[in-house]
Amino acid sequence: MAERRSVILGTGSALPQREMLNAELEGIVDTSDEWIVERTGIRSRRIAGEGESTSTLATAAARRAIEAAGLDAGDIGLIIVATATPDHTFPSVGTQVQAALGVNDCVAFDVQAVCSGFLYALSVADSMIRTGAAEKALVIGAETMSRILDWEDRTTCVLFGDGAGAVVVGAETGDRGILATRLHADGRFRSMLYVDGGPSSTGTVGKVRMRGREVFRHAVVNLADVLVEVMDAAGLKPEDIDWLVPHQANMRILEGTARKLGLPREKVVVTVDRHANTSAASVPLALDTAVRDGRVKRGDLIVLEAMGGGFTWGAAVVRF
Ligand code: UT7
């Protein structure tokens, strides 16, 4: 019997209205467009304004993904939102999206694995679909990182942006779908990238703190390892990949990872220049960008990966 798989039926994304160029940051902290471009590849990012929040961006991305899938919101039985910047400590952004879409009864919750959150959420949705616990799921990565940045800290505030990306996945039997996922976490490194506040510690939201150089070093190694692992699990080789859709943290990490895999740069989807690091939103945002501009086509073999705070990291191989 053919295997039941989770197929990506549609993608969507949403960005805040306001664009912030590197030049604007020169007036906020001691930095330069030249430093930011050279060290990160970032030229611009979107910043949420009044009336825009993680849940409004998540809902807008979700609507576009549902439309692209040719479905109605009522078809969705599972909503998972990956975010580290929820509108409220509780309830989840998942339930806010559910209410905004007018879905009366479904399973809805958030997953918190920071920048790897979308990979974690996708893997959970895939498991629930393959076991029959869900038929059609919305998997969303959405963040308003700008609200937890220290705008006086040049080592972090220039790196992040806001946005949301979503996919609708549904059960099908056939060759398409999620072929393998692999997730990892190593909490020994939790102080390398963290937020210095929270409901049960300070009672405040806190700000992002990062030891960038250490995170960079681990990212290149961990991402290369998990990509080899997930490709092995799917019985595929790097040369089979049509598109690598990586977490968009730093152009140098993207290029280093592609080089380690022997993948030409033309096969790597890059949006970090326009979106900066949007944490859990970055992979689905990059995927939707590449689907809508015609690069990623039905039947392509795509590989998704991310690494972030915790540390957490993961990857997925998908026949699109
Ligand atoms: O999404 C989760 C994963 N996150 C990441 O993957 C981020 C990983 N890390 C990185 O992308 C890079 O480490 C950074 C972009 C954060 C930093 O780049 P780097 O090449 O590792 O720079 P550095 O931290 O070694 O700093 C080099 C210099 C320092 O000055 P000194 O000590 O050499 O005098 C910094 O103070 O650059 C200075 N610097 C800046 N200068 C201008 C740091 N931030 C800035 C800035 N503008 N914004």
Side-chain angles (χ1 to χ4, degrees), residues 20-45 82-85 112-120 141-146 148-163 165 183-187 189-195 207-227 244-258 260 268 270-273 275-286 304-315:
M20 185 188 272
L21 301 174
N22 290 347
E24 193 178 337
L25 285 158
E26 292 177 354
I28 300 173
V29 286
D30 179 16
T31 191
S32 64
D33 175 52
E34 193 191 359
W35 188 95
I36 301 171
V37 172
E38 194 184 301
R39 299 293 180 121
T40 72
I42 298 166
R43 293 177 185 276
S44 139
R45 73 284 291 141
T83 187
T85 49
Q112 215 282 56
V114 210
C115 298
S116 317
F118 182 77
L119 270 305
Y120 269 69
E143 303 276 16
T144 43
M145 294 301 283
S146 65
I148 57 165
L149 291 175
D150 176 351
W151 288 96
E152 292 179 359
D153 176 9
R154 69 174 184 175
T155 69
T156 50
C157 76
V158 305
L159 304 174
F160 294 91
D162 302 336
L183 302 176
H184 294 277
D186 190 341
F189 296 102
R190 66 196 180 283
S191 61
M192 300 278 169
L193 173 50
Y194 68 104
V195 167
K207 302 284 184 212
V208 173
R209 306 292 170 207
M210 176 163 73
R211 282 160 64 183
R213 216 173 305 176
E214 275 82 1
V215 179
F216 188 105
R217 210 161 41 83
H218 282 91
V220 177
V221 174
N222 290 345
L223 289 171
D225 285 353
V226 76
L227 284 169
L244 177 66
V245 187
H247 174 47
Q248 308 284 321
N250 185 318
M251 186 74 96
R252 290 184 292 142
I253 298 178
L254 270 61
E255 286 172 347
T257 310
K260 277 201 162 191
V268 184
V270 176
T271 55
V272 68
D273 53 334
H275 300 156
N277 182 348
T278 58
S279 183
S282 97
V283 170
L285 195 46
L304 318 175
E305 49 91 326
M307 143 103 193
F311 291 143
T312 56
W313 65 103

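Both ligands and their constituent atoms are indexed starting at 1 by order of listing. By convention here, the first residue in the shown sequence is residue 1.
- Put simply, atom 34 (O) of ligand 1 has no protein non-hydrogen atoms near it, under 4.0 Å away.
- Closest to atom 10 (C) of ligand 1, if we only count protein heavy atoms, is N250 ND2, 3.6 Å.
- Within the 4.0 Å cut-off (strictly below), a protein heavy atom is located near atom 6 (O) of ligand 1.
- Side-chain contact between P246 and T257: absent, with no pair of heavy atoms (C-beta onward) separated by less than 4.5 Å.
- Each of the atoms 1 (O), 2 (C) of ligand 1 lies under 4.0 Å from some heavy atom of H247.
- Taking atom 3 (C) of ligand 1 as the reference point, the nearest protein heavy-atom neighbour is V215 CG1, 3.6 Å.
- If you check the side chains of S282 and Q248, you find no donor sitting under 3.5 Å from an acceptor.
- Side chains of D162 and S146: a donor-acceptor N/O pair is present below 3.5 angstrom, by distance only.
- Scanning the protein for heavy atoms near atom 47 (N) of ligand 1, the closest one is T31 OG1, 2.6 Å.
- Taking 4.5 Å as the limit, some side-chain heavy atom of F216 sits within range of a side-chain heavy atom of R252.
- Considering CZ of R43 and CD1 of I36, their distance stands at 11.0 Å, rounded to 0.5 Å.
- Set against the non-hydrogen atoms of A249, the atoms of ligand 1 under 4.0 Å away are 1 (O), 5 (C), 6 (O).
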Side chain to side chain contact (heavy atoms under 4.5 Å, CB included) between C157 and V29, worked out: CA-CA 9 Å; C157 76; V29 286; 4.0 Å; yes
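- Close approach to L159 involves these atoms of ligand 1, each under 4.0 Å from a residue heavy atom: 15 (C), 16 (C).
- A donor atom on one side chain and an acceptor atom on the other are not found under 3.5 Å apart for T278 and E143.
- Once rounded to the nearest 0.5 Å, the distance linking CG of N277 with CZ of F160 reads 4.5 Å.
- Aromatic ring orientation, H184 versus W313: parallel (interplanar angle below 30°, classes split at 30° and 60°).
- Atom numbering of ligand 1 starts at 1 in the shown order; those under 4.0 Å from a heavy atom of T155 are 43 (C), 44 (N).
- Residue, atom and distance of the protein heavy atom nearest to atom 9 (N) of ligand 1 are G212 O, 3.0 Å.
- Evaluated by nearest non-hydrogen atom to atom 28 (C) of ligand 1, the leading choice among F160, F216, W35 is W35.
- The distance from ligand 1 to the heavy atoms of V158 drops below 4.0 Å at these ligand atoms: 48 (N).
- Distance screen at 4.0 Å: atom 42 (C) of ligand 1 has a protein heavy-atom neighbour inside the cut-off.
- There is a protein heavy atom less than 4.0 angstrom from atom 37 (O) of ligand 1.
- Atom CH2 of residue W151 and atom CG of residue L25 lie 6.0 Å apart, to the nearest 0.5 angstrom.
- Of the listed residues (R213, R154, M251, R252), the one carrying the non-hydrogen atom nearest atom 18 (O) of ligand 1 is R252.
- Within ligand 1, the atoms closer than 4.0 Å to a non-hydrogen atom of C115 are 1 (O), 2 (C), numbered from 1 in the order shown.
- Here H218 contributes atom NE2 and D186 contributes atom CG; the two are 8.0 Å apart, rounded to the nearest 0.5 Å.
- Atoms of ligand 1 found under 4.0 Å from any heavy atom of N277 (numbered from 1 in listed order, with element): 1 (O), 2 (C).
- Of the polar atoms of R39, at least one N or O is found under 3.5 Å from an N or O of ligand 1, judged by distance alone.
- The proximity of L193 to ligand 1, defined as any non-hydrogen pair under 4.0 Å, is limited to the side chain.
- Annotation: side-chain hydrogen bond (donor to acceptor under 3.5 Å, both in side chains) contacts of N22 (sequence neighbours excluded): D33, R45.
- In summary, the atoms of ligand 1 found under 4.0 Å from a heavy atom of T40, numbered by their order in the structure, are 15 (C).
- A distance of 10.0 Å separates CG of D273 from CG of L254, quoted to the nearest 0.5 Å.
- Not a single heavy atom of V29 sits less than 4.0 Å from an atom of ligand 1.
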